[in-house]
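See structure below.
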Amino acid sequence: MSVVRDTVVDMPPRESPSPRWCAVGRSGTAPGGLAAVELDESGGRSPEIPIPADGLANFVAAREAEAPRRWVWADTPAVYPALLTAGVRVERCHDLRLCHQILRNSVLVRDRAALHAATQWAVAPDPVEEPRAPLMPALFELEAGSARRPTVPDSLSEVLAEFDRQRSAIDSAAEPNRIALLLAAESVGALIAVELTSAGVPWDTEEHDRILSEALGPRPAPGAKPAALLAVGEEVRAALGDPSASLDSPPKLLRALRAAGIEASSTSRWELAEHEHPAIPPLLHYKKLARLLSANGWNWLDEWVRDGRYRPVYVPGGVVTGRWASSGGGALQIPRSLRPALRADPGCLLVSADVSQLEPRVLAAMSGDRAMAAAGAGRDLYAGIVESGAVATRQDAKIAVLGAMYGGTSGDSGRLVPRLRRAFPAAMRLVDDAAAIGEQGGIVTTWLGRSSPPPGEEWQGVQAAASLPGAGRREEEHARRIAREFGRFTRNFVVQGTAAEWALAWMGELRRRLFAFDPVHGETPMAASGPVFSARPHLAFFLHDEVIVHAPRAHAEAVASAIEESAQAAGRLLFGDAPVDFRLDLRISERALKD
DNA sequence: GGTGAAAGCGCG
DNA sequence: AAAGCGCGCTTTCACC
């Protein structure tokens, strides 16, 4: 019994009365049907257990009651939505598609040959591009005409073979072997992502409409522009002295600006703000309104909010660093001005939490920089950096820290980062080393073991060309520039990626605690959250370092404690007893606040 | 008429 | 024209 399989792979560790994995896939013997196989520690397998074509939810519910070690399946979003709809939640799974991606790329995994050979599992990072295969009741069946096959294999035999490959790969990882923890975190993320869509964000359509109307005027007829937008547009044209100026096309707008004597080189907001001209303030206002309308206007509302819920689709592992991406509705870009539309159901509250300075704290923990950990202990990290004497103001501290993590070289950041380097040498060495590796075209790896992609062929080609004897200055400068760019990417990768791992651990822990709450009986609150999540606190929103839980009133205080405890638990899970605390801003309210 | 790149801006 | 990372989405426009 290896340490990896025995304790770490389970997140969080638990006593399981049934310490076996349960793999599910399309049956090889019963065409069109599903089947399961149970696996034990020593590689033993049960015979195929047939699952009735329409009986997956029942099967899973029954087995789940026995607390299997993990469900093993190809692709969580192909299976889990239908289970939730049927009222069945699972505690833990192993998502083969996501885990394959991590293991195939991680340089910590010594035996990757078998995974690399399994090309059918190497899929594009974003499988949401095309419609997914239908989910239930024929789980993995193709629906005539409309859908395509899942992006990864789904037969039970393929599932079992891939799981074998992955277990070997996990065991072959270099010490300290944290990759199983990463796979557990990634897989619980896959469950959470589906659950978030299923439960939805409680959305107050009237409040959204009120915010839009206040800014833009009443909702216009389809195809027409809102009154306030038109009025501000006229103001801009008047100030430009150009009644026909086009404001929506950057090239045309630029010409109009030039004609009015504004020497701008682009029409981006920050550059326009540099110029003094009566047309500038209304133009900035116009751009603000136009953005609100096109990105989150009434059309967005019609398309994305149904029955009081906004249901975005999250894409775990959608970003190379391991952050989630989203698909549809722009879940990760909801403007703060619209946050008040996020509103708890009657009888419920929102418990919101965001982590203060997550990434620098993660950097302090993974680098073991005690001075940086101390700067953030029990207070605002930037205030602590000021107190340490490294920089003079909180603003400077922030610029310096961001510059350290992003690779800032010029301006304030270029001036301040060296001071940070003196005050926090261990933390800075970690990111500086990561940057140096990237500049040489190397690969870096997060705390738990997610590796960065190598530079592309073009990058390699430019470097090779620049090192040839006949290379000119232009080529050398170009090569240097893109080498530094890649260094900034790898510098940031280790921090952003490890922060994403912490966030997954935080949510995984929180999810488990939330489900231990007693459902609220009587009138069922949060009915629109579906059979699994109504009546009990559930995650409703996630944004990199921020969560919102939708909870019955009676549970709100306890939920806040659970969020806090989960953050500390995540810190311990990843970093042991590193003296870094992850501070939260916690808020309990009926609606999310702008800020 | 569809496709893809670029610009611009929202989020962390 | 961002300096300094990672994304998604809408609009415009050149091009096939």
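Convention: sequence-line order gives letters A, B, ...; per-chain numbering from 1. Just the heavy atoms: all of them, side chains too, but no hydrogens, waters or symmetry mates, feed the values below.
Annotation: of the two residues near DNA chain C, Ala295(A) and Glu271(A), the 5′-most nearest-nucleotide partner is Glu271(A). Residue order along DNA chain C, read from the 5' end via each residue's closest nucleotide, puts Gly403(A) first among Val320(A) and Gly403(A).
Between Phe489(A) atom CZ and dC5(C) atom P the separation is 11 Å, expressed in whole Å. Distance Met428(A) CE to dG4(C) C1': 12 Å, rounded to the nearest Å. Atom CD of Glu439(A) is separated from atom C1' of dG4(C) by 14 Å (rounded to the nearest Å). As a whole-Å value, the separation of Ile262(A) CD1 from dA1(C) P is 18 Å. Rounding to whole angstrom units, CH2 of residue Trp300(A) and P of dT10(C) are separated by 11 Å. The interatomic distance linking Leu358(A) (CG) with dC11(B) (P) rounds to 19 Å, in whole Å. Rounded to whole angstrom, the span from the CG atom of Asn296(A) across to the C1' atom of dG8(C) amounts to 11 Å. As a whole-Å value, the separation of Phe486(A) CZ from dG4(C) C1' is 17 Å.
Between Arg291(A) and the phosphate of dG10(B), there is no side-chain N or O to OP1/OP2 separation shorter than 4.0 Å. At least one side-chain nitrogen or oxygen of Arg269(A) sits closer than 4.0 Å to the OP1 or OP2 atom of dG10(B). Put simply, Thr267(A) has a side-chain N or O that comes within less than 4.0 Å of OP1 or OP2 on dG8(B). A sub-4.0 Å separation between OP1 or OP2 of dG8(B) and a side-chain N or O of Lys287(A) is absent. Between dA7(B) and Ser266(A), no contact under 4.0 Å exists linking OP1 or OP2 to a side-chain N or O.
Comparing dG12(B) with dG4(C), their C1' atoms sit 14 Å apart, to the nearest whole Å. Distance noted for atom P between dA6(B) and dA1(C): 14 Å (whole Å).
Under 4.0 Å is where a charged nitrogen must lie from a carboxylate oxygen, and between Arg429(A) and Asp432(A) no such pair does. At a threshold of 4.0 Å, the pair Asp242(A)-Arg237(A) does not count as salt-bridged, since none of the basic side-chain nitrogens sits closer than that to a carboxylate oxygen. Remark: Glu263(A) engages Arg258(A) in a salt bridge, criterion side-chain N to carboxylate O under 4.0 Å. Taking 4.0 Å as the cut-off between side-chain N and carboxylate O, Glu546(A) and Arg587(A) do not count as a salt-bridged pair. A salt bridge does not link Arg361(A) with Asp369(A): every distance from a Lys NZ or Arg NE/NH1/NH2 to an Asp or Glu carboxylate oxygen is 4.0 Å or more.
When distances run from any side-chain atom of Lys252(A) to the nucleotides dC7(C), dG10(B), dC13(C), the shortest one goes to dC13(C). Of the candidates dC7(C), dT10(C), dG12(B), the closest approach to any side-chain atom of His544(A) belongs to dG12(B). In the set dC5(C), dT12(C), dG4(C), the nucleotide with an atom closest to the side chain of Ser413(A) is dG4(C). Comparing dG6(C), dA1(C), dC9(B) by their nearest atom to the side chain of Trp270(A) picks out dA1(C). Looking at the side chain of Arg323(A), the nearest of the listed nucleotides dA1(C), dG12(B), dG8(B) is dG12(B). When distances run from any side-chain atom of Gln496(A) to the nucleotides dT12(C), dC5(C), dG8(C), the shortest one goes to dC5(C). Checked against dC11(B), dG6(C), dG8(B), the side chain of Arg336(A) finds its nearest nucleotide in dC11(B). Ranking dT12(C), dC5(C), dG8(B) by closeness to the Ser268(A) side chain, first place goes to dG8(B).
No contact: Leu292(A) has no heavy atom under 4.0 Å from any strand. Gly411(A) comes within contact range of no nucleotide atom at all, as no heavy-atom separation falls under 4.0 Å. Within 4.0 Å (heavy atoms only), Arg491(A) reaches no atom of the nucleic acid at all. Across all strands, Gly328(A) comes closer than 4.0 Å only to sugar-phosphate atoms, never to a base (heavy-atom distances).
Taking only distance into account, the side chain of Gln333(A) meets the base of dG8(C) through a donor-acceptor pair shorter than 3.5 Å.
A side-chain donor-acceptor contact under 3.5 Å links Gln496(A) and Thr321(A).
The backbone N or O of Gln101(A) sits less than 3.5 Å from a side-chain atom of Asn105(A), completing a donor-acceptor pair. Distance alone, capped at 3.5 Å, is enough to place a donor-acceptor pair between the Thr490(A) side chain and the Gly487(A) backbone. Within the 3.5 Å criterion, the main-chain N or O of Ala185(A) finds no donor-acceptor partner in the side chain of Glu501(A).
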Taking only Watson-Crick and G-U wobble pairs with both distances under 3.5 Å, what dot-bracket line describes DNA chain C, where [ ] shows pairs that cross earlier ones and | shows pairs with another strand?
-> ....||||||||||||
